[in-house]
Each structure stands twice: as structure tokens, then as C-alpha cells.
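Read the structure below first, then the notes.
Everything numeric here is computed off the predicted structure, so don't read it as measured data.
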Amino acid sequence: MNTETIVQDQQILTLDALLAASTARTGLDDFGDPGFREGLDLLLSDIRALDLDPACVQATAWRIGQSLDTRALAVKGLKERPEVLEQPISEPIIIAGLVRSGTTALHLLMSLDPQFQGPEHWLTVYPMPRPPRETWDGIAEYRTEKASLDAYLQASPESADDHMMTAEGIEESLFILGSGFASNMWPSMWEVPNYDRWYRSRDDTDSYRWLADVLRLIGAGDDRRWLLKNPTDLFSLQEVLNVFPDAKIIQTHRDPVDSTPSVSNLIFSARRAFCGDKADRADVGRREAEMWAQALERAESARAKSAATFIDVEFRDFTRDQMATIRSIYDQLGLTLTVETEGAMQAWLDAHPHKPSKGPKHRPEDFGLTREGLEERFAAYRARRGYI
């Protein structure tokens with residue numbers, strides 16, 4: 001790569017350039033509270049230090065730019081509908097747990113219950129008051145995101161298997177939190193040590209206030225109960241409860257010695273998409289093991305101090321009998337599971353059967369880890385959950 005190309009790439013990945021590019025795309029120049037700039041500026045500084053190749057620079061600019069567009073659109077919507085900020089979010093149900101512990105399947109199953117609302121994928125990219133479902137095919141933003149997502153999943157079929165994402169389907173709140181630029185999403189995509197230290201040392205309450213406001217915009221006029229999911233909520237559980245003090249938390253559990261290699265493989269796939277050959281398996285393994293060990297202990301500390309309702313779900317129990325787990329959750333939350341909803345859930349399960357693994361697909365050694373090291377790192381959590 002010649003010097004001129006490097007300089008051009010460095011200029012693309014600056015705060016001013018990305019803000020200007022977002023304004024050119026959306027026609028919007030109000031990104032709301034400028035507090036987000038601290039994290040974004042630090043993130044970009046770390047990314048520039050990676051000296052990515054031109055294709056990765058373009059992919060990076062597109063991905064960060066998309067979250068800037070999302071932010072500007074949310075700010076516009078909230079300015080146009082300021083009354084939604086007074087709308088309460090009462091007793092949301094929040095699914096949190098280690099990645100690869102059943103959070104996605106549980107979230108998708110419960111989203112089939114019409115008593116709940118959740119942020120649909122396309123609305124986490126183009127936030128607006130949720131239009132009537134029958135109008136979506138005529139909405140340019142929906143069509144654009146559906147085409148973009150379909151193309152991505154065709155190019156990356158393993159992501160389709162992992163996340164079961166669709167433009168119209170329910171999405172985890174990580175995407176909205178990402179538009180605040182203090183989020184675990186960004187260290188998952190690039191090796192950004194300074195940003196990562198900053199993110200993990202901060203009080204994240206402001207991020208969850210931003211999430212709550214964007215949810216209020218999407219759910220304007222809809223008084224159904226919110227159903228949310230984000231594994232990283234484990235890390236910021238105290239901040240989650242600061243903003244949603246009456247939340248009902250469903251924490252999913254799985255032995256991290258088994259899940260960490262799988263998590264690392266998932267994150268490595270994202271790293272390769274944005275870093276190419278500079279994605280490093282050992283760095284991903286180290287970071288994910290450290291992050292999730294810290295998240296589990298922070299969550300345990302927050303739970304010990306909270307009077308909130310917590311429901312624990314074991315991955316092995318859920319995969320053995322999903323509907324029994326659903327019925328137990330509904331009983332513990334005092335919810336009614338109608339015959340129609342149970343039928344819809346069973347139909348979904350029949351269409352997406354769980355495929356038991358014949359053995360681990362990924363080994364700790366694939367990511368610079370060892371089983372013994374993981375056992376030591378997660379010893380306290382494994383003892384609490386009876387995995388030892």
C-alpha cells in the first residue's frame with residue numbers, strides 16, 4: 001500500500017469525515033448529545049492504528065457510518081415526537097446470558113407471543129415509530145435493509161445459522177446500543193485495546209437511557225410489554241437496572257469452558273470481515289475469555305444487591321425441552337401462555353430443530369486458550385452453577 005493510499009484511508013476514518021458522510025447520506029446533521037463523540041473518536045484512533053487494507057477501510061467506514069445514520073434518524077424521530085419520551089417502559093423482560101447459551105432461540109420463541117413487542121431488525125437500523133406490518137413492503141427503509149441483510153446472509157451463511165436474522169424479525173438491543181458508541185459491539189469487530197479499556201471502565205447508564213429513548217420512539221403508541229435480549233447486558237447489569245429498575249431478567253447459563261471457543265469463533269468471523277488477514281485468533285480468544293469472565297462476576301455482584309426478579313435458565317435444560325422451559329418462565333413471571341401462542345412456538349421449533357453436536361466444533365487451542373486455563377478463569381461461576 002503506497003503512502004498516498006494510507007493517508008486517504010486515514011482521512012476516511014476520522015470523526016469529521018464520517019459525520020460528514022452520514023449527513024450526505026441522510027440529510028441530517030443533528031446527532032444529539034455530543035457525549036458519543038468521546039467513544040467514537042477513541043474507537044477510530046485505535047482502528048487507524050491497525051493500518052487496514054483499502055477493502056477493510058471501506059467496510060469499516062460503512063459499518064460505523066450505518067450506526068451514525070441510525071443515531072441521526074433516532075434524534076430526528078425523537079425531535080418530531082417528543083411526547084414519546086414520557087412513555088413508560090414498565091417491567092420489560094430482558095434476556096441476558098453468555099453468547100451461545102440459548103439467548104437467541106429463547107428470544108425468538110418468546111417474540112411469537114403477541115403480548116410482547118420487541119425492536120424489529122430493520123427498525124434498529126432505521127428507527128421510527130413502528131408502522132403497521134402490512135405497510136412494510138412499501139417502505140423504502142425496510143426494503144433497503146431487507147436487501148442488504150439478505151445479501152449479507154447469502155455471503156455469510158454461518159451467520160444465518162447462528163443468528164436466524166431477518167429484516168422483519170425481532171433483534172437484540174446491541175444494535176441500538178451501538179449507535180451510542182459505548183458498546184461491546186465495537187471491540188468484537190476490531191482489536192481496539194484503548195477503546196476497550198475505556199468502554200469496560202465506564203458507567204454505562206447513559207447508554208441504556210439512549211436505548212430506552214429509541215425503544216420509546218419505535219414503540220410509540222404501543223403499550224405492549226417490551227421483550228429485549230442482549231448478552232452484553234450481563235456486563236452492564238447494574239446500569240440496566242439503573243434505567244429499568246422493574247425489569248424481569250432471564251439469565252441463561254452454560255459452562256463457559258464449552259461456550260468460549262464457540263463464542264471466539266463467532267467473533268473471529270466478524271473480525272475477519274472488517275480486519276481481513278489482521279484478524280488474530282489468539283487476540284480474540286484472550287479478549288472474549290477475559291470479557292465474559294468479568295461480565296459473569298459483575299452480573300453476580302449486581303444480582304446480589306438487587307431486589308429485581310431473576311429467572312435462571314440452564315442451556316442443557318432448554319435444549320432438552322424448550323417448551324417445558326417456556327412454561328416454567330411463564331409460570332415464574334405470572335404470564336398466560338395461550339394455546340395459540342404455544343402452537344406458534346411449537347411450529348417454530350418444528351421448523352428449527354435443535355441439532356445436537358457430536359462433539360465440540362471448536363477447541364480452546366484454536367484461539368490460543370487451554371481448557372485448564374478456562375477452568376481456572378471461570379472457576380467461581382462454574383462452582384456456583386455446578387459445572388465442576
Original post:
Quick check: does any side chain N or O of Thr14 sit under 3.5 Å from a backbone N or O of Gln11, one acting as donor and the other as acceptor?
Top reply: yes
Please confirm whether the backbone N or O of Phe116 pairs with a side-chain atom of Asp113, one donor and one acceptor, at under 3.5 Å?
-> no
Requested in this report: For Lys76, look at atom NZ and say whether over 12 heavy atoms of other residues, nucleotides or ligands are found less than 6.0 Å away.
Outcome: no
Mind checking whether Trp186 and Phe181 have ring centres under 6.0 Å apart?
yes
- Establish, yes or no, whether a centroid distance under 6.0 Å links the rings of Tyr199 and Phe235. yes
Just by distance, with hydrogens left out, do [X] and [Y] show a side-chain donor and acceptor under 3.5 Å apart?
X      : Y      : answer
Asp258 : Tyr387 : no
Thr23  : Asp29  : no
Glu120 : Tyr142 : no
Lys229 : Thr104 : yes
Ser262 : Arg100 : yes
Glu168 : His121 : no

dist Ser183:OG -> Leu43:CG (nearest 0.5 Å) comes out at 10.0 Å
Review point. Quick one: do Arg216 and Asp213 make a salt bridge, cutoff under 4.0 Å?
Key: yes
Hydrophobic cluster membership, Leu15 vs Met185, 4.5 Å side-chain cutoff:
yes
From the list Asn230, Asp204, Leu234, Ile94, side chain to side chain contact (heavy atoms under 4.5 Å, CB included) with Val240 holds only for Ile94
- prompt: Between Trp210 and Arg71, is there a cation-pi geometry (under 6.0 Å to ring centre, at most 45° from the normal)?
  reply: yes
